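These numbers come from a predicted model, not from an experiment. Heads up: numbering here begins at 1 and tracks the sequence.
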Amino acid sequence: MKKNFIDEYVEINGIQQYFLHFQGQAGAPVVLIIHGGPGSSESIFAYEIEKEWAGDYSIVYFDQRGAGKTFAKNKSAPVTMELMQQDLLETILYLRKKYNQEKIILLGHSFGTALGALLAKQHPEYVLAYIGMSQV
C-alpha cells in the first residue's frame, strides 16, 4: 500500500510550524515524532523511515521551533523550553482534531524525550503511549 503524505505549515503558538504527515489507513493510530536537538529536524529522514511503517500508523513529523523548515520561516522566533512545551501541547490538540483521535502516540528522540515525557506526565489524557529513544 502506498502511503499518502501531506506537508503543511500550521500556526502553532503564534508562529508557522512545519508538519509532514504520512497518512495511514483510516482510523490508524497517530504517532507524533518529537525530534532531538534542539535544532535537529528529523523530517529529512522521513521518507526512508516510512517504508517500514506504511499504512499501519499515521506518522507526523514536525520541525520544532528553532529547527528545519519551521526555523526557516521564523528565524527570529525565541526558543525556550516553555515555548516548546506549549508548541507540543498545541500540536497534539491540532492532531487530535485533524485525525479525529482522542489520544496520540508520542515518540521522542534525544532532546525530544524531555519534551515528550513532560507532556505525557502533564497531559496523560491526550497520550495513548509514550516512546523514548535515546532518552535524556
Side-chain angles (χ1 to χ4, degrees):
M1 172 186 166
K2 184 175 171 152
K3 253 186 151 166
N4 297 323
F5 71 92
I6 297 170
D7 64 339
E8 66 177 347
Y9 287 90
V10 177
E11 185 168 325
I12 298 288
N13 200 15
I15 65 171
Q16 292 293 310
Q17 298 203 33
Y18 176 76
F19 292 85
L20 178 59
H21 304 258
F22 287 86
Q23 296 179 317
Q25 300 168 12
V30 177
V31 179
L32 175 61
I33 307 293
I34 310 167
H35 67 71
S40 173
S41 170
E42 292 178 9
S43 64
I44 60 172
F45 305 114
Y47 299 97
E48 190 63 32
I49 293 168
E50 292 314 308
K51 291 177 185 177
E52 300 300 322
W53 293 16
D56 295 330
Y57 300 90
S58 289
I59 310 297
V60 180
Y61 294 82
F62 88 105
D63 289 0
Q64 298 168 31
R65 178 182 294 267
K69 292 182 179 181
T70 296
F71 175 69
K73 275 204 182 260
N74 307 278
K75 291 182 179 175
S76 64
V79 179
T80 67
M81 187 68 163
E82 294 78 20
L83 287 170
M84 294 177 85
Q85 286 178 298
Q86 184 62 37
D87 292 349
L88 182 55
L89 177 58
E90 287 187 29
T91 293
I92 289 169
L93 296 175
Y94 165 71
L95 294 175
R96 289 176 68 232
K97 184 175 180 180
K98 180 176 182 69
Y99 287 96
N100 194 29
Q101 299 272 332
E102 280 188 49
K103 297 185 176 198
I104 305 297
I105 298 169
L106 303 180
L107 191 157
H109 175 239
S110 191
F111 175 74
T113 65
L115 294 172
L118 286 171
L119 188 120
K121 183 177 179 182
Q122 293 170 346
H123 295 284
E125 68 274 20
Y126 301 141
V127 180
L128 181 62
Y130 167 74
I131 303 163
M133 296 185 330
S134 299
Q135 184 73 39
V136 170

Check: [X] side chain, [Y] main-chain N or O, donor-acceptor pair, under 3.5 Å:
X	Y	value
His109	Ile34	no
Gln101	Leu95	no
Asp56	Ala28	no
Arg65	Pro78	yes
Thr113	Val136	yes
Asn13	Gln86	no

Next item on the list: Carefully, step by step, assess Val60 and Val30 under the rule side chain to side chain contact (heavy atoms under 4.5 Å, CB included).
Entry: CA-CA 7 Å; Val60 180; Val30 177; 4.1 Å; yes

So which heavy atom on [X] is nearest to which on [Y], and how close?
X	Y	answer
Gly116	Tyr130	C-CE1, 3.6 Å
His21	Glu8	NE2-OE2, 2.7 Å
Phe62	His35	O-CD2, 3.2 Å
Ser110	Gly36	CB-CA, 4.1 Å

Is there a path of hydrophobic side-chain contacts, each under 4.5 Å between heavy atoms of I, L, V, M, F, W or Y residues, that connects [X] with [Y]?
X	Y	result
Ile104	Tyr126	yes
Leu128	Met133	yes
Val10	Phe71	no

Checklist line | From Val31, Ile59, Leu32, residue fulfilling side chain to side chain contact (heavy atoms under 4.5 Å, CB included) relative to Ile105 | finding: Val31

Contact between [X] and [Y] at the side-chain level, heavy atoms closer than 4.5 Å - yes or no?
X	Y	value
Ser58	Tyr99	yes
Ile92	His123	no
Thr70	Ile15	yes

[X] side, atom [atom1]; [Y] side, atom [atom2] - distance, nearest 0.5 Å:
X	Y	atom1	atom2	result
Met81	Leu118	CE	CG	5.0 Å
Leu119	Gln85	CG	CD	8.0 Å
Leu115	Met84	CG	CE	5.0 Å
Gln122	Leu88	CD	CG	9.5 Å
Ile6	Lys98	CD1	NZ	5.0 Å
Asp87	Ile12	CG	CD1	7.5 Å

Margin query: Between Gln23 and Phe5, does the side chain to side chain contact (heavy atoms under 4.5 Å, CB included) criterion hold? Intermediate values first, please.
Written below: CA-CA 6 Å; Gln23 296 179 317; Phe5 71 92; over 6 Å; no

Check: Does NZ or CZ of Lys73 come closer than 6.0 Å to the centre of the six-membered ring of Tyr18, within 45° of the ring's axis?
Finding: no

Notebook entry, point to check: Is Glu125 atom CD crowded by more than 12 heavy atoms from other residues, nucleotides or ligands, each under 6.0 Å away?
Noted result: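 Yes - once you tally the heavy atoms of other residues, nucleotides and ligands closer than 6.0 Å, there are more than 12.
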
Notebook entry, point to check: Mind checking whether Phe19 and Tyr94 have ring centres under 6.0 Å apart?
Noted result: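 So the answer is yes for these two rings.
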
